[in-house]
Engineer: 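I am attaching a structure below and will ask some questions about it afterwards.
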Protein chains: 2
Amino acid sequence: MKPSLKIVKIGGKLIENEALLNSFLDDFVQLNGPKILCHGGGNKATEVAGKLGNETKMVDGRRITDKDSMEVITMVYGGLLNKNIVAKLQAKGQNAIGLCGADGNVLISKRRPVKEIDYGFVGDVVKVNSDFIANLLSPGIVPVFSAISCTEEGVLLNTNGDSVASEIAIAMSKLYETRLYFCSEKKGVLKDISDENSVILKMDSEKYKELVEAKVVTDGMLPKLHNCFQAIDRGVKSVLLGDSGLLKKNSIHTKIVK
Amino acid sequence: MKPSLKIVKIGGKLIENEALLNSFLDDFVQLNGPKILCHGGGNKATEVAGKLGNETKMVDGRRITDKDSMEVITMVYGGLLNKNIVAKLQAKGQNAIGLCGADGNVLISKRRPVKEIDYGFVGDVVKVNSDFIANLLSPGIVPVFSAISCTEEGVLLNTNGDSVASEIAIAMSKLYETRLYFCSEKKGVLKDISDENSVILKMDSEKYKELVEAKVVTDGMLPKLHNCFQAIDRGVKSVLLGDSGLLKKNSIHTKIVK
């Protein structure tokens with residue numbers, strides 16, 4: 001039997017709120033066995049970019065990452081947030097190492113092809129260096145990934161944090177029985193967006209299609225759930241969606257099943 | 001016989017100037033055997049801090065690192081510069097990993113004691129995790145260090161880049177025959193500060209004392225040479241000081257000897 005590995009993705013308010021982050025990291029440190037943490041950037045990058053005078057450019061609701069924006073993302077995701085999370089884990093007695101995709105060539109990506117819109121320095125992961133990750137895990141070190149990948153030509157690219165977590169979980173499934181956790185603001189997928197207590201406890205791909213057609217699942221939840229089902233279809237043992245309490249025992253959450 | 005290990009420190013204009021950095025990294029990649037790169041931050045942190053509206057505070061010519069300054073240093077040194085250097089090395093075919101002191105608990109420091117002046121988030125390295133570094137080196141990975149250390153309580157601290165390189169070289173001397181290279185703007189220690197060709201080719205501690213007394217060695221060169229002699233006295237095999245061409249064959253430089 002393969003050993004177990006947990007991959008946890010955090011983002012949004014959980015990163016921005018110091019107290020929430022600390023409490024979450026306490027739960028994370030308590031998790032048994034090898035584990036990986038992936039983080040997005042919340043609004044800090046937009047805040048820093050604004051102060052630096054770089055206006056965030058959006059087309060059809062999607063961010064355009066120009067050269068200046070990519071500099072800010074490298075500073076904020078790869079530096080400030082990543083190193084602070086690692087320092088917090090060390091203070092809690094959990095050895096950890098902060099990585100972007102360039103470190104150890106761990107997340108190789110391709111720039112998103114330019115069709116009608118050029119999204120700039122944005123890429124999709126095409127290869128995960130799973131042996132490098134396994135070598136870090138074996139002595140008990142937690143790899144902490146910022147959502148930055150790198151092309152074979154050495155260009156750093158902004159990359160969707162959920163996809164990073166999902167691609168890592170899929171790649172590590174060769175060596176481990178992987179469990180993927182997405183922690184965000186919501187307790188899970190909600191039947192009624194205005195009712196925090198309407199969490200759908202279990203969702204298979206049939207149910208997913210139904211809910212998309214019924215427009216219960218919309219907007220940002222669509223790509224997130226796409227990542228979840230991709231993971232399940234490509235070897236990940238289980239995927240859970242929840243809020244900052246997801247790692248606690250008896251948490252309420254959505255479980256994605258095949 | 002111990003295997004050889006080269007530790008190279010870069011800073012100043014060498015980091016700020018893209019073309020100079022690229023050319024230097026080409027030389028660095030050509031160096032045989034295990035190697036480590038350490039970098040400072042040049043003026044980029046001051047530039048970003050200025051744009052963010054944080055004025056750089058100086059007391060008696062020394063920078064005060066308050067909480068906001070430390071955020072900028074973590075962004076610029078730990079993120080932007082560190083990850084770009086790693087990406088450039090990967091593009092040149094050299095596997096590398098970017099680290100700050102919190103990663104793998106690699107550089108443990110203590111906050112500088114407050115006497116007359118509180119320098120803020122500034123620390124001195126008290127422990128280098130040499131086993132962790134050796135584990136990275138053995139499969140041919142180059143560790144790239146930004147000048148940030150971390151206390152045991154998980155507080156990131158701004159740390160002198162020359163000291164970081166020197167402390168790493170000293171700690172690694174248990175396992176390796178270490179050679180330390182300081183690359184900056186000058187070809188080495190100059191007899192006459194206005195004459196680039198007056199490089200002192202060889203310097204022992206006797207000569208150093210003479211030159212300090214004669215005020216040939218002053219200002220920023222004093223702590224740099226202090227680091228050099230500390231290294232030599234505590235087990236480092238050789239220390240060279242030079243400019244961006246230091247790693248080239250037949251470079252002109254200052255060699256520090258016992």
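To find a chain, count down the sequence lines: A is the first, B the second, and so on, and within it residues start at 1.
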Engineer: Does B/E47 CD have over 12 foreign heavy atoms under 6.0 Å away?
Structural biologist: yes
Engineer: Chain A heavy atoms under 4.5 Å from B/V48: which part of the residue, side chain, backbone, both or neither?
Structural biologist: both
Engineer: Please check if the side chain of A/Q90 supplies one atom and the backbone of B/A102 the other of a donor-acceptor pair under 3.5 Å.
Structural biologist: yes
Engineer: What option among B/A96, B/C150, B/G50, B/G101 has the most heavy-atom pairs under 4.5 Å with chain A?
Structural biologist: B/A96
Engineer: Is the NZ atom of B/K127 crowded by more than 12 outside heavy atoms at less than 6.0 Å?
Structural biologist: no
Engineer: Taking every non-hydrogen pair under 4.5 Å, which of B/P139, B/C100, B/G104, B/A91 racks up the most with chain A?
Structural biologist: B/G104
Engineer: How many angstroms lie between CG in A/D103 and CG in B/N82, if you round to the nearest 0.5 Å?
Structural biologist: 7.0 Å
Engineer: Answer yes or no: are there more than 12 heavy-atom neighbours, outside A/K110 itself, under 6.0 Å from its atom NZ?
Structural biologist: no
Engineer: Would you mind reporting whether B/L80 and A/V72 have side-chain heavy atoms less than 4.5 Å apart?
Structural biologist: no
Engineer: Give the member of B/N95, B/T151, B/I141 that has the highest number of heavy-atom pairs under 4.5 Å with chain A.
Structural biologist: B/N95
Engineer: Is the count of non-hydrogen atoms from other residues, nucleotides or ligands lying under 6.0 Å from B/K51 atom NZ greater than 12?
Structural biologist: no
Engineer: Check the surroundings of atom CD in A/E185: do more than 12 heavy atoms from other residues, nucleotides or ligands lie under 6.0 Å from it?
Structural biologist: yes
Engineer: Answer yes or no: does atom NZ of A/K57 have more than 12 heavy-atom neighbours from other residues, nucleotides or ligands under 6.0 Å?
Structural biologist: yes
Engineer: Counting C-beta onward and ignoring hydrogens, is there a side-chain heavy-atom pair between A/I97 and B/I97 closer than 4.5 Å?
Structural biologist: yes
Engineer: Which region of B/N135, side chain (C-beta onward) or backbone (N, CA, C, O), has a non-hydrogen atom less than 4.5 Å from a non-hydrogen atom of chain A, or is it both or neither?
Structural biologist: neither
Engineer: Looking at A/G78, A/G79, A/G53, which makes the most heavy-atom pairs under 4.5 Å with chain B?
Structural biologist: A/G79
Engineer: Does this structure show an ion pair linking B/K83 with A/E71, if we count only N-O contacts that are shorter than 4.0 Å?
Structural biologist: no
Engineer: Would you give the length of the straight line joining atom OG1 of A/T74 to atom CG of B/N84, rounded to the nearest 0.5 angstrom?
Structural biologist: 6.0 Å
Engineer: Can you say whether B/N105 sits under 4.5 Å from chain A via the side chain, the backbone, both, or neither, judging by heavy atoms?
Structural biologist: both
